[in-house]
Amino acid sequence: MSWLDFAGVVLVRLDAAICIYFFFVNSCYAVLLGSAALEMLCHTRALRGERLASGLSSGLAPSISLLAPAYNEAATVSESVGALLSLSYPGLEVVLVNDGSRDETMEVLKTRFDLVLLHPIYRKHIPTKPVVGLYRSRRFPDLLVVDKENGGKADALNTGLQLASGDLVCSIDADTLIEPDALLRMVRPFLVSKEVLAAGGTIRVANGSLVHHGRVIAPRVPRRAIEGIQVVEYLRAFLFGRLGWNRLGGNMIIAGAFGLFRREAVIEAGGYAPDTVGEDMELVLRLRRRAYESRTRHRITFIPDPVAWTEAPSTARVLGRQRDRWHRGLAEVLWRHRSVLCNPRYKAMGLIVFPYFVLVELLAPVVEIMGLAGICAGLALGLIDVPFAMLFFAIAYGYGVILSAAALVLDELNFHRYERLRDRVLLILWAVLEPLGYRQLTVLWRLLGLLKFLRKRKDWGVMERRGFGVKPAPGLANLPKEGRR
Amino acid sequence: MAATETLFEVLAAEALLIGIALGVIFGHGLWLCWARHRCHARLAEGRAEVLTALEQPAPTVSTLPGLTRLPTALQMQLFVNLLPQLRGAARKRLAIIANRLGLTRGARMNCKSRFWWKRLYAVRLLASFGGDAVLLMVCLSDRHPLVRAAAAEWAADHPDPGVIQALLGLLSENHGLCRLKAQDALLRIGGKAIEALARFLAADRGPAIEPALSIAVHLPDRKFLTPALGLCRHHSAPIRVLAAALLGAIGGKEAVEALIGRLADPEAAVRSSAARGLGRLAHWPAAPKLYALLGDRAWTVRREAGLALHKLGPPGQLFLRRALGAPDRFAADMARQTLGLPSETEPTAVRRA
C-alpha cells in the first residue's frame, strides 16, 4: 500500500467519524431547541396577565442579598450602587465588597452613603482574605459595605456570602446592568419549590444600546461585527442552550454575571473556588454533586425573562482572551469533576448533561479543527469529491444559521426587545455572517484555551472595557473574572 | 448521485426553514409596529375617556363612545395596562366599566376551560376586576396549582369565613407558590384570620402547621398562646423553632416560662429561637440562663445568646463582660464579638476606625 493509499484510508475514516460527530452534535442541538421551545411556551403561558397580580407584599418572600465585588471603581461606584439600591424587590440587601481597591473607592462610598462601622458577628465557614472593616449606610440601611484585603473575585464573593443576611444571594459581575424587575422574576422558581438551589437569567449584550443611570433604556444591535455577532451568540446560548436543559437533566452552568443561589447551600458547599477560572460553573457542579451524593432532590433552573445586560468584548484580542479563559475554565471544571462522567449515581447529570459538555462543548474545537485539516488534506490529495464537500459545507452552514434564526424567533415572539427594523436586519446579518470566519476564530481561541489547560496555566488575562456609551459604565468591579492575581 | 440529491433536498429544506424564520422575525415586528401605529390614537382616546369617567361617582358606558368602538382585545389591553396603576375607589369604578363593557364575560367562561393557562388568565382578570366571588371560590380548589395561587391573591381582599377556611386548606399544598400565596393572603387579611388560624393551630393539621405558624409569627396575638405552648413541645424541630419564635412575639409569663424550658432543647435551632425570643422580650431574669448558653456547642446558639444578652440592657451587658474572662474561650470570644471589642487575632478590624 502506497503512502497515498494509506492517507486516503485515514482521511476517509476521519471524515466518516467527523460526519457521525456532526450528526450527533446537530441532533443534540435539535433536541435542545425543541425542549427550549416547549419550555418557553409553558413559561409564557404561566406569565400571561401576571402584571395584574399583586405580587408578594409580606415578609414571607425570601430575602435577597446582592453581592457586588468592586475594585478601583471610585469613578462609577456611587452610580452603580445607586442603580442596585433602586432594584424592585422587598427585602433586598446590597453587599458591596471592596476588594482592596487602591484608589478612592472606600472614601467615595463613605462620603456618598454616610457609612458607619459595624461589629459583625459572623461565622467564617470559608477561608478568605481578612476583612478590614464592615460598614452600613445611614442613608440606605440596605447597603452593607465590606472593606477587605485584595484576594480576587471568588474571594470577594465568598466574603460577601458570609456577611450577607439574605436567604438567597445574587452574584453579579463587573459589567452587569440588572433590569429593575429582574430579581422579582428570578425569585419565582425559589417560591415554587424548596428543591431549587440556583437559578440563572438571560444575559444580553449591551454594546451599542442606550444606557442611562445604570439602565438599558433602548436596546440596540451593535454595528460592529465583532460585537453584533456576540448578540446572536448570547441569544442562542441562553434562549435555547440554557433553557433547553431545564427539561433534559438540568443546567450545569449559571453565569457568574447574574445568578441567584440559596445562600446556605452555597456556604455548605464551601463557596466559590478561588483556584479555578470557571468558578461559576464549578460551584453549580459542586452543588449538584453534593445534592446527588446526599440523595437530596434538587433543581438548577434557567428562567428566560429576568435580564441582565453585559458589556461584550469589542476587540478580537480581548474576545480571544475571554473565549480562551472560558474554555480553559470549562476544561478545568470538567476535569476536576471527571468522576461524574457516565456515572449512574449522578443520574441525568452524569449520563446526559456531563457527557454532552465533554463531547459537544469541550471537544468541539478539536473535532472542528481536525475536520478542517482533513478536508484541506483531502482536497490537496484529490481524495474528496469537491461538489459533494461544498454541498456538505453548505448544509452545515445552513444548519448553523437555522439555529441562530430559531433563537432570534424565540426572542422576537416572546420578548420583542429589538423594535427597530434596522436592528432586526443587523441581527439577521450577524447570524448569517457568524459561521464565516468568526466561528473559526472562536474555535482557534478555544483550542488555545484547551492547550493552556493542558499546560496548567491559571492566568485570567486582562479585560478592557469601553463603558456603556454616553453615561459612565456602572459596572461594579474592575476586578471581576479578569482579576489581578 | 443519490447522496448528492439527498443533500440538495436537505439544503432546500434548510432554505425553507430560514425563509420561514425570516418571515416570522420581520412579519411579527412589522405587524406589531402596524398594530401599534394603527391603535395608538384610538387607545389614547379610550384611555382619556376612561380616566375622565373614573372621576365620576357612577360611570356609564354611554359616556365612553371612543372606548366602546374599540375591539375587545384593545379594550382588554387598555384595562390590563390601567388596572395595576389604580387603587381603591378608582379601581372599583374601572371594574364597573369593565363589567358593563362585558369584558369579564369571556373570563367567566374561561374559568371553566380545560386548559390551565386559559383558566389562569381568566382568574387573574376576574381577580383584578373583583368579579364573581362564587366562581373564584371554586378556583381556590382548581386542579392546577398556579390557578389556585392566582385565586388566593383574590382571596386576600375577601376575608369571608369560607374564604379563610379555603386558604387554610391551601397551607398543606405541595406546590410552594400556591402555599406562599395562601400564606400571603392570610397575612394580608390580618386580624380577621386570627381566630380561624388559632383554631387551625390547635387542631394540629400535620404538614400545614409549619406554614400556619410562620403566619402567626407575623401576626402575634394572645389567641395563639395556647396552641403555641402545645406546639413548642412538638416532635418536629422546625415546628418547635417556629413555636418558640411565636412565643417570643406574644410574650407574657407563660410564654417566658416555655421559652426558658426550650433553652435546653436538644435541637440547636430551637435553643437559638428560644434565646432570640427571650432577647426580644428583654426578659432580664433569664440572663443567667442565656449566659450559660454562651458556651453552647452550636455557634448559632452562642450568637443568639450573646445578642439576647445585649438586648437585655445593663443586666445582659454585665453578664457579657463577665464572660470576657470566662475560662471557656468560645464564650469569651462570643462575648467580645457581641460587645464589639477588637479581636486580638484580627487587629485591623476595628483599630483602623
Side-chain angles (χ1 to χ4, degrees), chain A residues 42 44-46 48-61 117-123 130-134 147 149 188 190-196 385 387-388 391-392 394-395 397-399 401-402 404-406 408-409 411-413 416 418-421 424-425 427-428 432, chain B residues 3-4 7-8 10-11 14-15 17-18 20-22 24-26 28-30 32-33 80-81 83-84 115-117 120-122 124-125 127-128 145-146 150 153 156 175-178 180-181 183-184 187-188 214-215 218 299-300 303 306-307 334 337-341 346 348-350 352-353:
Chain A
C42 285
T44 43
R45 279 175 173 171
R48 196 170 170 224
E50 203 208 20
R51 50 188 307 223
L52 292 168
S54 57
L56 288 174
S57 55
S58 65
L60 293 168
L117 190 75
L118 296 179
H119 300 287
I121 303 176
Y122 74 99
R123 195 176 195 180
V131 172
V132 178
L134 182 75
D147 190 13
E149 287 178 15
R188 261 183 262 137
F190 293 92
L191 303 180
V192 171
S193 170
K194 284 185 177 171
E195 291 169 10
V196 177
D385 176 19
F388 184 86
L391 211 51
F392 188 80
I395 285 172
Y397 169 78
Y399 195 77
V401 175
I402 286 176
S404 298
L408 298 183
V409 167
D411 185 48
E412 171 60 34
L413 294 181
H416 187 60
Y418 299 103
E419 294 185 347
R420 299 189 314 170
L421 182 68
R424 258 165 250 247
V425 173
L427 276 177
I428 299 290
V432 171
Chain B
T4 312
L7 287 184
F8 266 118
V10 173
L11 203 58
E14 282 187 352
L17 283 174
I18 292 172
I20 292 171
L22 289 181
V24 172
I25 292 167
F26 287 110
H28 185 253
L30 287 174
L32 282 182
C33 240
V80 167
N81 286 337
L83 261 170
F115 301 112
W116 66 266
W117 60 91
L120 177 64
Y121 186 57
R124 280 177 176 161
L125 276 176
S128 304
L146 287 180
E153 282 204 26
H175 195 270
L177 185 65
C178 190
L180 194 71
K181 290 281 181 185
Q183 284 178 287
D184 195 50
L187 207 52
R188 281 159 63 189
S214 6
I215 307 167
H218 287 87
W299 181 85
T300 48
R303 185 187 62 173
L307 291 173
M334 187 51 73
Q337 288 186 59
T338 312
L339 290 167
L341 297 175
E346 283 183 75
T348 44
V350 177
R352 209 175 94 152

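First the proteins, then the strands, lettered A, B, ... as listed; each starts at 1.
For B:H218, the part lying under 4.5 angstrom from a heavy atom of chain A is the side chain only. Residue A:I428 touches chain B through its side chain alone, counting heavy-atom pairs closer than 4.5 Å. Both the backbone and the side chain of B:F8 come within contact range of chain A, with heavy atoms under 4.5 Å apart. No part of A:L427 comes within reach of chain B, as not one of its non-hydrogen atoms sits under 4.5 angstrom from that chain. With a 4.5 angstrom heavy-atom cutoff, B:I20 does not touch chain A via any of its atoms. For B:L146, the part sitting under 4.5 Å from any heavy atom of chain A is the side chain, from C-beta outward, and nothing else. At a 4.5 Å heavy-atom cutoff, the contact between A:Y399 and chain B is made by backbone and side-chain atoms alike.
Between chain A and the residues B:L339, B:L30, B:V24, the most heavy-atom pairs under 4.5 angstrom are made by B:V24. Considering only heavy-atom pairs separated by less than 4.5 Å from chain A, the leading option among B:T300, B:L22, B:L11, B:V10 is B:L11.
The two residues A:R424 and A:Y418 come nearest to each other via the heavy atoms NH2-O, 3.0 Å. Taking each heavy atom of A:E412 and B:G29 in turn, the nearest pair found is OE2-N, 3.5 Å. Shortest non-hydrogen contact noted between B:E14 and A:A394 is OE1-O, 3.9 Å. Across every non-hydrogen atom of B:W299 and B:M334, the tightest pair is NE1-CE, 3.6 Å. Across B:L7 and A:F392, no two heavy atoms sit closer than the pair CD1-N, 4.3 Å. When all heavy atoms of B:L120 and A:A46 are compared, the pair lying nearest together is CD2-O, 3.5 Å.
Taking a 6.0 Å sphere around CZ of A:R48, one finds it holds 12 or fewer heavy atoms contributed by other residues, nucleotides or ligands.
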